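One structure is given below, encoded as structure tokens.
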Amino acid sequence: MFDPTSALDFADELTLSCTPDVSKDRPSDRDLQRADGCGRIILSGSENGTRIEDVFERSPTRIMFPRTGSRPVEEAVIINTGGGVAGGDRLECSVTALPGASIAVTSQAAEKVYAALDDPARVTTRLKARESARLAWLPQETIVFNGARIHRTTEIELFSGAELLALEWLVLGRAAHGEVVVSGSVLDGWRVKKDGRLIWADTFWISDEIFVHLKRKALLSDFKSIATLVYFGPDPDRRLELLREILSSLGCDCAATSVAGLIVARFAAKQSSDLKLALRSLLQQVEPELGSGPFRVPKMWLC
């Protein structure tokens, strides 16, 4: 039997091997006050639309459900009231879409990851889409500052008959401020299961030693903004063909493939603004194909 190592275990191993030695006389992230936030959403379908079954939040994580009048729940917004992520922070978000639920989950603004002393921040996202559920995970970008250390894991559990679109994107420094990222640690892992079986696993990792080589063509070249998008749903072959047609029209480098019925698309751009425009255009063009529901540009992206 194949027993894959979890992304969290892999991150722990990297932490042990790559965290620099810290003298007792030097400050450590572990000695400072750090955030331990958590958010959980459980939704189900009903005759009147999507219904909120359970919400849990622990500071600095807040969850809002903006809507107008008596309209059903369509979008959830994750808010980090701490104003960013620092070394040693622990943030976890869990979204469960039960049968019949339809929800888009996004973030209030771009997340910022600040320089760490020695301990990485750990950000975990757990998504579960049951039969006939439609779930879109579409946060805004994560901006990584020089010296930042973050280990992010996205764990997805799918069931036959569900439909899911999930996105995560990284921006290395703010170009408008002339920022250059030359050190730190970024680990971005994905684990996707269908009916309890692992169908796709991926880990992107940059350490202090690798940053000096990032401009090589085999690595990131001149790209400062990258994204991964995954889709699971009906008729994957036709939708992969449609996605490839759309990607050819976008103003960034991108490509898509299919793994065990899961569509995986990669994006890279020199400017975060170009990547944002490309992702927005993509969502606008796939919405007619996927039908009314959560697979569209989130309202928070337009604020």
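Predicted, not measured: the structure shown is a model, and the values here were computed from it.
- Of the charged side-chain nitrogens involved, none lies within less than 4.0 Å of a carboxylate oxygen, so that Arg191 and Glu155 do not count as a salt-bridged pair.
- Checking side-chain atoms of Ser249 against main-chain N and O of Ile246 turns up a donor-acceptor pair under 3.5 Å.
- A ring pair (Phe, Tyr, Trp, His ring centres under 6.0 Å) check over residues 276-295, counting only residues at least two apart or in different chains, returns nothing.
- Of the possible polar contacts, one joining the Asn146 side chain to the Val182 backbone as a donor-acceptor pair under 3.5 Å is found.
- Side-chain contact between Val95 and Cys93 is present, with heavy atoms from C-beta onward closer than 4.5 Å.
- Within 6.0 Å of atom NZ in Lys299, more than 12 heavy atoms from other residues, nucleotides or ligands are found, so the atom counts as buried in its surroundings.
- The side-chain hydrogen bond (donor to acceptor under 3.5 Å, both in side chains) pairs that include a residue from residues 157-173 are Arg134-Glu163, Trp137-Glu168, Arg152-Glu168, Ser160-Asp195, Glu163-Tyr231, Glu163-Arg239, where partners are two or more places apart or lie in different chains.
- Comment: Lys276 engages Glu141 in a salt bridge, judged by a side-chain N to carboxylate O separation of less than 4.0 angstrom.
- The side-chain hydrogen bond (donor to acceptor under 3.5 Å, both in side chains) test applied to Ser248 returns no partner, not counting sequence neighbours.
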Could you go through residues 52-63 and list every donor-acceptor pair under 3.5 Å that involves a side-chain atom there, pairing it with any protein atom two or more places apart or in another chain?
residue, atom, partner, partner atom, Å
Glu53, OE2, Ser44, OG, 2.5
Glu53, OE2, Arg51, NE, 3.1
Glu53, OE2, Arg51, NH2, 3.2
Asp54, OD2, Arg40, NE, 3.0
Asp54, OD2, Arg40, NH2, 3.1
Glu57, OE1, Ile63, N, 2.9
Glu57, OE2, Arg62, NE, 2.8
Arg58, NE, Asp36, O, 2.9
Arg58, NH2, Asp36, OD1, 3.4

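- With hydrogens and angles ignored, the 3.5 Å screen pairs a side-chain donor or acceptor of Thr50 with a backbone N or O of Ser102.
- Looking at Asp222 and Lys217, no side-chain N of the basic residue comes within less than 4.0 Å of a carboxylate O on the acidic one, giving no salt bridge.
- The backbone N or O of Lys270 lies less than 3.5 Å from no partner atom in the side chain of Ser225, so there is not a single donor-acceptor pair.
- Side-chain N or O atoms of Ser132 include one that pairs as donor or acceptor with a backbone N or O of Gly100 at under 3.5 Å.
- In the hydrophobic clustering, Phe145 connects to Tyr114, Ile143, Val171, either directly or through intervening members, whenever side-chain heavy atoms lie under 4.5 Å apart.
- A heavy-atom distance below 4.5 Å is found between the side chains of Leu170 and Asp188.
- In this structure Ser258 satisfies the side-chain contact (heavy atoms from CB on, under 4.5 Å) test together with Leu240, sequence neighbours excluded.
- Leu262 and Phe159 fall into different hydrophobic clusters, where Ile, Leu, Val, Met, Phe, Trp and Tyr side chains are chained together by heavy-atom contacts under 4.5 Å.
- Here the side chains of Leu164 and Ile156 are in contact, with some heavy-atom distance below 4.5 Å.
- A salt bridge is defined here as a Lys NZ or Arg NE, NH1 or NH2 lying under 4.0 Å from an Asp or Glu carboxylate O, and Arg149 with Asp89 fails to meet this definition.
- There is no side-chain donor-acceptor pair under 3.5 Å between Ser273 and Gln271.
- A donor-acceptor contact shorter than 3.5 Å links the side chain of Glu179 to the backbone of Arg174.
- For the residue pair Glu111 / Ser107, no side-chain donor-acceptor distance below 3.5 Å is found, with atom types taken as modelled.
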